[in-house]
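What follows is one structure encoded as structure tokens, with my remarks underneath.
Counting starts at 1 for both ligands and their atoms, in listed order.
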Amino acid sequence: MIAPQKKLSFEFFPTRTPEGRAKQIITRKQLSQYNPEFFSCTSGAGGSTKEGTMQAITDILNEGIAAAPHLPCIGETPEEIKELLNTYKDMGVRHIVALRGDIPSGVGVGMSGLRYANELVELIKNEYGDYFHIEVAAYPEYHPQSRSAEDDLNNFVRKAKAGADSAITQYFYNPDAYFRFVDDVQGRGVDIPIIPGIMPIASFSKLARFSDTCGAEIPRWLRLKLQSYADDTASIKALALDVVTEMCERLLREGAPSLHFYTLNQAGLV
Ligand code: FAD
């Protein structure tokens with residue numbers, strides 16, 4: 001049972017078809033029984049999913065839940081960002097997940113655009129004051145492009161000091177990395193809530209591929225055990241459910257402020 005003051009939030013990605021959208025609305029209805037703090041929706045850097053994200057955010061607001069659009073800034077000019085933020089403000093959005101983003105290959109990036117998430121946080125603070133709650137990304141196992149762990153921590157601190165209100169982490173399966181990260185950040189004078197991002201495991205091969213690119217580690221024992229189940233998806237799900245549930249319980253017990261679930265647009269495992 002989750003203590004009443006610990007809130008949950010759930011992340012979705014934009015859908016491409018009317019069927020996908022209808023299914024996502026049902027998924028959100030199932031998850032809304034957990035009284036979420038907000039539902040967020042990802043957005044492709046370079047504007048690749050702008051319409052889909054806008055549709056999902058509109059749907060979420062119509063469902064009466066707080067909506068948090070992800071806003072990747074890389075390559076966007078300040079004017080383009082402000083236009084989008086003004087639209088969100090007019091829609092009643094109060095919560096933004098402010099990101100650098102990763103440019104998909106083949107998508108061009110303007111040279112005059114923003115480069116790092118701290119620049120986006122500064123822009124939002126300067127233009128909108130405290131109107132938006134600004135969420136940023138955190139990497140307990142460090143960002144894959146960072147020069148060093150220290151450098152990445154300092155960059156995170158810079159982002160927080162620019163005005164972020166809280167952070168959501170990249171997923172991890174090693175809670176010690178999370179607790180160490182929180183301690184290190186607090187040791188640098190930053191005390192914003194750092195919310196663990198939780199990725200349930202439905203398929204080992206997909207997770208392994210994705211983890212390689214985003215720099216999240218699947219601990220050796222877990223990887224080998226999941227691998228040994230091969231195509232036995234029932235066993236993979238049962239073990240993963242056990243491991244991830246225990247991790248969530250420990251995180252909440254030992255001080256995580258709340259949990260943010262990467263739903264992959266599915267309610268079942270979450
Ligand atoms: P930053 O904080 O800018 O950091 C990026 C890298 O640059 C790091 O290595 C950092 O150490 C370094 N750095 C930071 N600031 C500076 C600086 N001022 N000078 C020099 N180096 C610096 N991606 C999407 O495209 N769409 C999404 O919707 C999306 N949602 C996400 C949600 C969450 C919760 C998380 C954790 C990630 C999400 N991502 C998303 C992925 C994210 O965009 C990538 O991980 C991206 O590579 C980094 O984004 P960031 O905001 O953390 O970048």
Check: H260 ring centre within less than 6.0 Å of Y262 ring centre: yes
Tell me whether the NZ or CZ atom of R28 lies within the 45° cone about the ring axis of F10 and under 6.0 Å from its centre. no
Cation over ring, K89 on Y131, under 6.0 Å and within 45°? yes
Reported OG1-to-CD distance for the pair T17 and Q24, which is rounded to 0.5 angstrom: 10.0 Å
Would you mind telling me which of H95, H70, E135 makes a side-chain hydrogen bond (donor to acceptor under 3.5 Å, both in side chains) with S40? H70
Any chance you could lay out the side chain to side chain contact (heavy atoms under 4.5 Å, CB included) test for L71 and L99, step after step, and finish with the verdict? CA-CA 6 Å; L71 179 48; L99 302 151; over 6 Å; no
Could you list each N/O atom of ligand 1 together with any protein N/O atom closer than 3.5 Å, one pair per line with the distance?
{"from": "ligand 1", "atom 1": "2 (O)", "to": "K159", "atom 2": "NZ", "distance (Å)": "2.8"}
{"from": "ligand 1", "atom 1": "3 (O)", "to": "A117", "atom 2": "N", "distance (Å)": "2.9"}
{"from": "ligand 1", "atom 1": "9 (O)", "to": "H143", "atom 2": "ND1", "distance (Å)": "2.9"}
{"from": "ligand 1", "atom 1": "9 (O)", "to": "S146", "atom 2": "N", "distance (Å)": "3.4"}
{"from": "ligand 1", "atom 1": "11 (O)", "to": "D152", "atom 2": "OD1", "distance (Å)": "2.5"}
{"from": "ligand 1", "atom 1": "11 (O)", "to": "N155", "atom 2": "ND2", "distance (Å)": "2.9"}
{"from": "ligand 1", "atom 1": "13 (N)", "to": "N155", "atom 2": "ND2", "distance (Å)": "3.2"}
{"from": "ligand 1", "atom 1": "18 (N)", "to": "N118", "atom 2": "OD1", "distance (Å)": "3.1"}
{"from": "ligand 1", "atom 1": "18 (N)", "to": "R158", "atom 2": "NE", "distance (Å)": "3.4"}
{"from": "ligand 1", "atom 1": "26 (N)", "to": "S43", "atom 2": "O", "distance (Å)": "2.7"}
{"from": "ligand 1", "atom 1": "28 (O)", "to": "S43", "atom 2": "N", "distance (Å)": "3.0"}
{"from": "ligand 1", "atom 1": "28 (O)", "to": "S43", "atom 2": "O", "distance (Å)": "3.4"}
{"from": "ligand 1", "atom 1": "28 (O)", "to": "H70", "atom 2": "ND1", "distance (Å)": "3.1"}
{"from": "ligand 1", "atom 1": "30 (N)", "to": "H70", "atom 2": "ND1", "distance (Å)": "2.9"}
{"from": "ligand 1", "atom 1": "43 (O)", "to": "G101", "atom 2": "N", "distance (Å)": "3.0"}
{"from": "ligand 1", "atom 1": "45 (O)", "to": "Y139", "atom 2": "OH", "distance (Å)": "2.7"}
{"from": "ligand 1", "atom 1": "47 (O)", "to": "R100", "atom 2": "NH2", "distance (Å)": "2.9"}
{"from": "ligand 1", "atom 1": "47 (O)", "to": "D102", "atom 2": "OD1", "distance (Å)": "2.6"}
{"from": "ligand 1", "atom 1": "47 (O)", "to": "D102", "atom 2": "OD2", "distance (Å)": "3.3"}
{"from": "ligand 1", "atom 1": "47 (O)", "to": "H143", "atom 2": "NE2", "distance (Å)": "2.7"}
{"from": "ligand 1", "atom 1": "51 (O)", "to": "R100", "atom 2": "N", "distance (Å)": "2.7"}
{"from": "ligand 1", "atom 1": "52 (O)", "to": "Y139", "atom 2": "OH", "distance (Å)": "2.8"}
{"from": "ligand 1", "atom 1": "52 (O)", "to": "K159", "atom 2": "NZ", "distance (Å)": "3.4"}

